[in-house]
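Taking it in order: structure first as structure tokens, then the write-up.
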Amino acid sequence: MITKSVLKFIKSLQLKKNRIEHQRFLVEGVKSVRELLNSDIEVDTIVATSDFIRENRNDFDPGLITEIKATDINAIGSFKNNNSVIAIAKIPMSLEVSISNDEYVLALDDVRDPGNLGTIIRIADWYGITQIIASPTTADFYNPKVISASMGSFARVKMQYVDLASKLESYQGEIYGALMDGISIHQQYFGSGGVIVMGNESVGISKEVESILTNRITIPKFGEAESLNVGIATAIICDRLRNS
């Protein structure tokens with residue numbers, strides 16, 4: 001059985017400062033843990049209930065799994081009703097995102113909500129976008145809520161935190177920014193690659209980044225809603241650029 005010190009350590013990884021200190025993060029739930037194990041990310045250990053181990057003994061390396069009580073797994077995890085398994089994984093070494101003219105990259109400017117970030121990672125994966133750059137104020141990629149909302153896509157999408165303005169200034173391709181006063185995405189021609197900038201839901205794209213945009217785009221509005229959720233907006237734009 002698992003020790004109290006290990007339980008305390010796992011629970012501590014809910015906080016960003018502890019994830020940074022130990023270079024470890026949590027992956028919760030059966031689907032996300034399976035995606036983790038199919039990736040190149042190094043796994044330290046998996047903790048799971050006896051029922052989970054019995055039902056899945058042929059799908060997981062028994063050498064990685066430590067048994068845990070259901071009450072303990074609910075106490076250390078972020079899910080209200082956990083899927084009875086949590087993995088502790090090593091944060092991969094930071095890899096620089098390279099932006100070319102023949103692929104699309106998402107740029108997130110101060111997207112702070114973890115659920116939105118996880119959804120955007122999942123959307124990027126769906127539309128074949130494997131790289132994201134983000135401002136330092138964007139939510140932490142390894143936040144448990146981000147990992148959960150990504151539904152396993154965290155294992156396939158690379159994200160780098162950068163000074164967006166500095167990173168984009170040197171890029172020679174098309175930079176599309178989602179704004180209220182842009183050209184309709186249905187009228188905009190999207191080529192084979194470029195950068196799609198999505199901003200903060202409240203204040204939009206920062207002025208510094210906005211000044212670098214080569215194309216101002218918008219999702220045309222037909223009703224009375226004031227705005228769209230950034231995750232939904234990202235999905236609509238990604239669908240359009242893949243079908244333009």
Side-chain angles (χ1 to χ4, degrees), residues 15-17 19-20 78 94 96-97 99 104-127 129 131-150 153-154 157-188 190 193-242:
L15 299 178
K16 181 178 180 179
K17 66 176 184 179
R19 293 194 294 273
I20 293 173
S78 63
S94 179
E96 184 176 358
V97 168
I99 309 174
Y104 278 100
V105 171
L106 289 179
L108 306 181
D109 191 2
D110 195 30
V111 176
R112 299 189 180 191
D113 182 82
N116 283 338
L117 175 56
T119 298
I120 289 170
I121 293 167
R122 186 178 179 185
I123 290 164
D125 189 22
W126 179 267
Y127 286 101
I129 297 173
Q131 299 189 109
I132 298 174
I133 54 176
S135 66
T137 54
T138 293
D140 178 25
F141 186 94
Y142 296 105
N143 183 306
K145 292 181 180 178
V146 174
I147 297 297
S148 173
S150 79
S153 292
F154 71 90
V157 177
K158 179 171 65 175
M159 184 161 143
Q160 180 188 16
Y161 291 88
V162 296
D163 181 313
L164 285 182
S166 297
K167 181 81 172 180
L168 295 175
E169 277 179 341
S170 60
Y171 178 59
Q172 300 300 311
E174 300 295 322
I175 304 174
Y176 306 87
L179 300 162
M180 296 299 291
D181 62 350
I183 296 173
S184 168
I185 59 170
H186 303 296
Q187 297 173 351
Q188 174 69 55
F190 292 96
V195 178
I196 306 294
V197 183
M198 305 300 297
N200 180 283
E201 285 194 9
S202 299
V203 299
I205 297 170
S206 65
K207 294 299 181 183
E208 188 178 19
V209 173
E210 185 178 343
S211 67
I212 304 171
L213 302 177
T214 61
N215 300 273
R216 302 166 69 90
I217 58 174
T218 195
I219 299 169
K221 171 181 171 181
F222 298 95
E224 298 303 320
E226 182 179 345
S227 63
L228 285 174
N229 170 277
V230 66
I232 292 173
T234 302
I236 293 171
I237 293 171
C238 285
D239 190 73
R240 177 58 186 164
L241 68 85
R242 288 305 193 199

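Applying the side-chain hydrogen bond (donor to acceptor under 3.5 Å, both in side chains) rule to E210 yields the partners R216; only residues at least two apart in sequence or on another chain are considered. With sequence neighbours excluded, the residues forming a side-chain hydrogen bond (donor to acceptor under 3.5 Å, both in side chains) with T138 are S135, listed by chain and number. Taking the salt bridge (charged side-chain N to carboxylate O under 4.0 Å, His left out) definition, one finds that D125 meets it with R156, sequence neighbours left out. With sequence neighbours left out, the side-chain hydrogen bond (donor to acceptor under 3.5 Å, both in side chains) criterion links E208 to no other residue. In this structure K167 satisfies the salt bridge (charged side-chain N to carboxylate O under 4.0 Å, His left out) test together with E96, sequence neighbours excluded.
Around the CG atom of L228, the shell of radius 6.0 Å holds more than 12 heavy atoms that belong to other residues, nucleotides or ligands.
No side-chain heavy atom of Y171 sits under 4.5 Å from any side-chain heavy atom of V105. Counting only heavy atoms from C-beta outward, the side chains of L106 and I123 never approach each other to under 4.5 Å. Two residues are said to be in side-chain contact when any heavy atoms from C-beta on lie closer than 4.5 Å; I133 and L168 meet this criterion. In this structure, P114 and I147 have side chains that are not in contact, with every pair of non-hydrogen atoms separated by 4.5 Å or more.
Within the model, atoms CG of L108 and OG1 of T137 stand 10.0 Å from one another, a figure rounded to the nearest 0.5 Å. Within the model, atoms CD1 of I196 and CZ of F190 stand 5.5 Å from one another, a figure rounded to the nearest 0.5 Å. Within the model, atoms CE of M159 and CD1 of I120 stand 9.0 Å from one another, a figure rounded to the nearest 0.5 Å. With values rounded to the nearest 0.5 angstrom, I219 atom CD1 is found 9.5 Å from M180 atom CE.
The closest donor-acceptor contact from the side chain of K145 to the backbone of A149 lies at 3.5 Å or more, if one exists at all.
Between A107 and V195, the shortest heavy-atom contact is CB-CG1, 3.7 Å. Residues V162 and Q160 share a closest heavy-atom pair of CG1-CD, 3.4 Å. Across Y161 and P136, no two heavy atoms sit closer than the pair CD2-CA, 4.2 Å. Taking each heavy atom of A178 and I237 in turn, the nearest pair found is CB-CD1, 3.9 Å. Looking at every heavy atom in both residues, G182 comes nearest to T218 through O-CG2, 3.2 Å. Here the closest heavy-atom approach between residue I185 and residue P220 is recorded as CG1-CD, 4.3 Å.
In this structure, Y104 and Y176 have tilted ring planes: the angle between them lies in the 30° to 60° band.
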Given N215 and I183, is the side-chain contact (heavy atoms from CB on, under 4.5 Å) satisfied, shown in steps?
CA-CA 8 Å; N215 300 273; I183 296 173; over 6 Å; no

What's the verdict on side-chain contact (heavy atoms from CB on, under 4.5 Å) for N143 and K16, showing C-alpha distance, side-chain angles and the deciding distance?
CA-CA 7 Å; N143 183 306; K16 181 178 180 179; over 6 Å; no

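No option in K17, R112, R19 other than R19 meets the salt bridge (charged side-chain N to carboxylate O under 4.0 Å, His left out) test with D140.
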Tell me which donor-acceptor pairs under 3.5 Å the side chains of residues 198-207 have, and how far apart each pair is, sequence neighbours excluded?
residue: N200; atom: OD1; partner: S202; partner atom: N; Å: 2.7
residue: N200; atom: OD1; partner: V203; partner atom: N; Å: 3.2
residue: N200; atom: ND2; partner: D110; partner atom: O; Å: 3.0
residue: N200; atom: ND2; partner: D110; partner atom: OD2; Å: 3.1
residue: E201; atom: OE2; partner: N116; partner atom: ND2; Å: 3.1
residue: E201; atom: OE2; partner: N229; partner atom: ND2; Å: 3.3
residue: E201; atom: OE2; partner: V230; partner atom: N; Å: 2.9
residue: S206; atom: OG; partner: D109; partner atom: OD2; Å: 2.9
residue: S206; atom: OG; partner: V209; partner atom: N; Å: 3.4

